Amino acid sequence: MENKIDEAPKKSLNFIEAFVEQDLKDGKNGGRIQTRFPPEPNGYLHIGHAKAICLDFGVAKNYGGICNLRFDDTNPVKEDVEYVDSIQEDIKWLGYNWANVYYASDYFQQLWDLAIELIKKGKAYVDEQSAETIAKQKGSPTVPGVESPYRNRPIEENLELFRKMNTGEIAEGAMVLRAKIDMASSNMHFRDPLMYRVINSHPHHRTGWTWKAYPMYDYAHGQSDYFEGVTHSLCTLEFEVHRPLYDWFIDQFKDSDYRPRQIEFNRLNLTYTVMSKRKMLQLVQEGLVSGWDDPRMPTICGLRRRGYSPESIHNFIDKIGYTKFEAQNDIGLLEHSVRESLNKTATRVNAVIDPVKLIITNYPEGKVEMMETINNPEDETAGKREIAFTRELYVERDDFMEDAPKKYFRMTPGQEVRLKSAYIIKCTGCKKDENGKVEEVYAEFDDQTKSGMPEANRKVKGTLHWVSATHCLDAEVRLYDRLFSVENPSADERDFRELLNPGSLKVLSNCKVETSLGNAKALDQFQFQRIGYFNVDSDSAPSKLIFNRTVSLKDSWAKEKEK
RNA sequence: UGUCUCAUGGUGUAAUGGUAGCACUGCAGUUUCUGGAUCUGCCUGUUAAGGUUCGAGUCCUUAUGAGACAACCA
């Protein structure tokens, strides 16, 4: 037995964990591990952020370090407290606790002081050219830039102008502070990058009108990492080109052996989804979805409302891994992850989403039998409950066919099926309206086949779910599907809004569910037997039950039908 | 016609110079009071060409393809 444990396969490290372990082995930073999750509070978190969160918090946890939450709030034009709250809620929901909450705005004074130091060293200057001129002078990746005429302004003058940038004496857009590096560098970010710009049209959500000059990302981010003692600054691939500049700024100011290390990994791309904040915002603003938490959105709040468990998201992220390859991840894997998670935890209930009446013609009128049924066959501790059985029931319209193919295991005249947790019945026929639509299905039950009786062990091909027509509740069921109809909306030439899946939401208003669902609370997760996983929508009320389909069950009959 | 990064089945990801493995998907079967779940089996892969080496997915060279970078955004 002990040998078995030794033989357990070691989980292989991703390249970031390998770097971290090597740094630890090399004794860097005194063996300390510290990461940070640095969202800009300008939007809701999505599953791509969840990937970063799992890494930032996960690395800290696995290597005995800490992870801080830091809001990168250096642009008051776009940022808002509204987002600060939702971001914290979403991180907690994912199951993580930060050691501290910081704000880049906490460092405005320190950053200011360092900028002055840089000016005094002759390594930064105030440029008063227009944004367009500066852009033009940057050149292009293949053409070197040209130096600003203000590049060699005297230090005293730079100090004076920089001070004025922050007093309101300088108009927004009129001046910037730039680091003096190399206008001919092959790395565009080295061509005298902007460090500060003037913003006096918007108050900052935390510092109000105190500051008029705000630091730019490349300067603020790296220094914030440094101030906090971050050892591993993990970010996505598009910041790869920024790393030399990140290092450059740190080199200007560092005063010990300690330095944070930036490592980049691939961002999450999901098929049939868009992940850009801009596009999501457009979907919300144009009413193409009901809001940031629309269950079709890849936002954390959307997934939560859809019925995804935190565990399902962790499992998914675990499976896709972290590399430097720009992958397209199959949304099918996310769906698999949620089925895997909910299979173990969701109570099985009976819900008929497209009901047709089934009458057991030889069952006494008015009789009510309470049938015992198991809550979750995957979890012995989940217990049992009772459901009412009566002469008139509802079953799925799909579960009856007058002329059925050979492999149809459900109700068709002459065929026996089992009603789950109740009796075996034999279908005898149906009644149709003038259009040929089935109005009622008829069957006879065998009183020796009640679940638990010896005769109940008789082999029958199909087992159907049902609810009593007299002991059930009405419900609305929202069937959600993938938001887009093409695999990669971002790669399509057409406008992404034309690519929306018209069938991404179907509302069924005439569903019948078992009475036990009457006291279900918002977000409670269930498996509607034979249909899928559903949860209680946040708009649901006892007087109007609303369920969202998280994901359907795998359906091998649907595949068989297609053949 | 720059710099940087990347390339393993349909998709994603391992193999850290020594038997190309895992997961998802797909297919076939087993089993089942959910056509779910379970269990079993199968299909499919190292971008190309050279080189180093006893031995290369891994190291080197070149080619090809893909991505990132020219916001007073982060």
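Lettering follows sequence order; numbering is per chain, from 1. The structure presented is a predicted model; accordingly, all values stated were derived computationally and were not measured.
Comparing B:rU58 with B:rU16, their P atoms are spaced 12 Å from each other, to the whole Å. Here, B:rG17 and B:rU32 have their P atoms 49 Å apart, quoted to the whole Å. Taking atom C1' in both B:rU31 and B:rG67, the straight-line distance is 47 Å, to the nearest Å. Between B:rC6 and B:rC60, the distance separating the two P atoms is 11 Å to the nearest Å. The C1' atoms of B:rG9 and B:rU46 are separated by 10 Å, rounded to the nearest whole Å. Comparing the same atom, C1', in B:rG12 and in B:rU44 gives a spacing of 15 Å after rounding to whole Å. Going from the P atom of B:rU64 to that of B:rA23 covers 38 Å, rounded to whole Å. Nucleotides B:rA14 and B:rA70 are separated by 29 Å at their P atoms, to the nearest Å.
The cationic group of A:Arg153 does not satisfy the cation-pi geometry with A:Tyr125, failing either the under 6.0 Å distance to the six-membered ring centre or the 45° limit from the ring axis. The cationic group of A:Lys51 lies under 6.0 Å from the six-membered ring centre of A:Tyr322 and within 45° of the ring axis, placing it in a cation-pi geometry.
Shown here, B:rU46 forms no base pair; nothing in the strands shown gives a Watson-Crick or G-U wobble contact with both key distances under 3.5 Å. Within the shown strands, nothing qualifies as a pairing partner of B:rU1 under the Watson-Crick or G-U definition with both distances less than 3.5 Å. When both pairing distances are held under 3.5 Å, B:rC6 makes a Watson-Crick or G-U pair with B:rG65. Base pairing annotation: B:rU11 forms a Watson-Crick or G-U wobble pair with B:rA23, both donor-acceptor distances under 3.5 Å.
With respect to A:Glu416 and A:Lys461, no salt bridge is recorded, no charged nitrogen being found less than 4.0 Å from a carboxylate O.
A centroid separation of 6.0 Å or more is found between the aromatic rings of A:His242 and A:Tyr246. In this structure, A:Phe409 has its ring center no closer than 6.0 Å to that of A:Trp557.
Atoms NE2 (A:His189) and C1' (B:rC69) sit 5 Å apart, rounded to a whole Å. A:Gln529 places its CD atom 9 Å from the P atom of B:rG35, with the value rounded to the nearest Å. One atom, CD of A:Gln328, and another, P of B:rG12, lie 7 Å apart when rounded to the nearest Å. For A:Glu264 and B:rU5, the CD to C1' distance is 9 Å, given to the nearest whole Å. Nucleotide B:rA37 holds its C1' atom 18 Å from the CD atom of A:Glu335, rounded to whole Å. At whole-Å resolution of the value, NZ in A:Lys420 and C1' in B:rU34 are 6 Å apart. Counting to the nearest Å, the P atom of B:rU8 and the CG atom of A:Asn266 are 12 Å from each other. Put simply, CG on A:Leu464 is 14 Å from C1' on B:rG36, counting in whole angstrom units.
Residue A:Asn329 has its side chain nearest to B:rG12 when only B:rU34, B:rG12, B:rC73 are considered. Nearest nucleotide to the A:Pro377 side chain, out of B:rG2, B:rG35, B:rG36: B:rG36. For A:Arg348, taking side-chain heavy atoms from C-beta onward, the closest of the listed nucleotides B:rG12, B:rG36, B:rC72 is B:rG36. Closest to the side chain of A:Ala327, out of B:rC69, B:rA14, B:rU13, is B:rU13. Comparing B:rA70, B:rA23, B:rG35 by their nearest atom to the side chain of A:Lys407 picks out B:rG35. Listed nucleotides B:rU16, B:rG36, B:rA71 differ in distance to A:Ala135; the shortest reach to its side chain belongs to B:rA71. The side chain of A:Lys554 lies closest to B:rG36, out of B:rC72, B:rC69, B:rG36.
In this structure, A:Gln448 contributes its side chain and A:Met453 its backbone to no donor-acceptor pair below 3.5 Å.
Listed pair A:Arg197 / B:rA71 fails the phosphate criterion, with no side-chain N or O lying under 4.0 Å from OP1 or OP2. For the OP1/OP2 pair of B:rU1 and a distance below 4.0 Å, the side-chain nitrogens and oxygens of A:Thr142 include no atom meeting the criterion. Within the structure, a side-chain polar atom (N or O) of A:Lys559 is placed less than 4.0 Å from OP1 or OP2 of B:rC27. Proximity of A:His336 to the phosphate of B:rC24: a side-chain N or O atom is located under 4.0 Å from OP1 or OP2. The side chain of A:Ser12 contributes no N or O atom lying less than 4.0 Å from OP1 or OP2 of B:rU13.
Using a 5.5 Å limit on the distance between ring centres and a 30° limit on the angle between planes, the aromatic ring of A:Tyr217 does not count as stacked on the six-membered base ring of B:rA74. We find that the ring of A:Phe325 and the base of B:rA7 do not stack by the test of centres under 5.5 angstrom and planes tilted less than 30°.
Contacts of A:Gln137 with the nucleic acid, taken as non-hydrogen atoms under 4.0 Å apart, are absent. Backbone-only engagement by A:Leu333 is indicated by non-hydrogen atom pairs under 4.0 Å involving sugar-phosphate atoms exclusively.
Within 6.0 Å of NZ on A:Lys136 lie no more than 12 heavy atoms contributed by other residues, nucleotides or ligands.
If you check distances only, the side chain of A:Glu378 does reach the base of B:rG36 with a donor-acceptor pair under 3.5 Å. For A:Arg410 against B:rG35, a side-chain-to-base donor-acceptor contact under 3.5 Å is present. Counting atom types as modelled, A:Glu326 pairs no side-chain N or O with a base atom of B:rU5 as donor and acceptor under 3.5 Å. No hydrogens or angles were tested; on distance alone, a donor-acceptor pair under 3.5 Å links the side chain of A:His242 to the base of B:rA74.
At least one side-chain heavy atom of A:Leu270 sits under 4.5 Å from a side-chain heavy atom of A:Met275.
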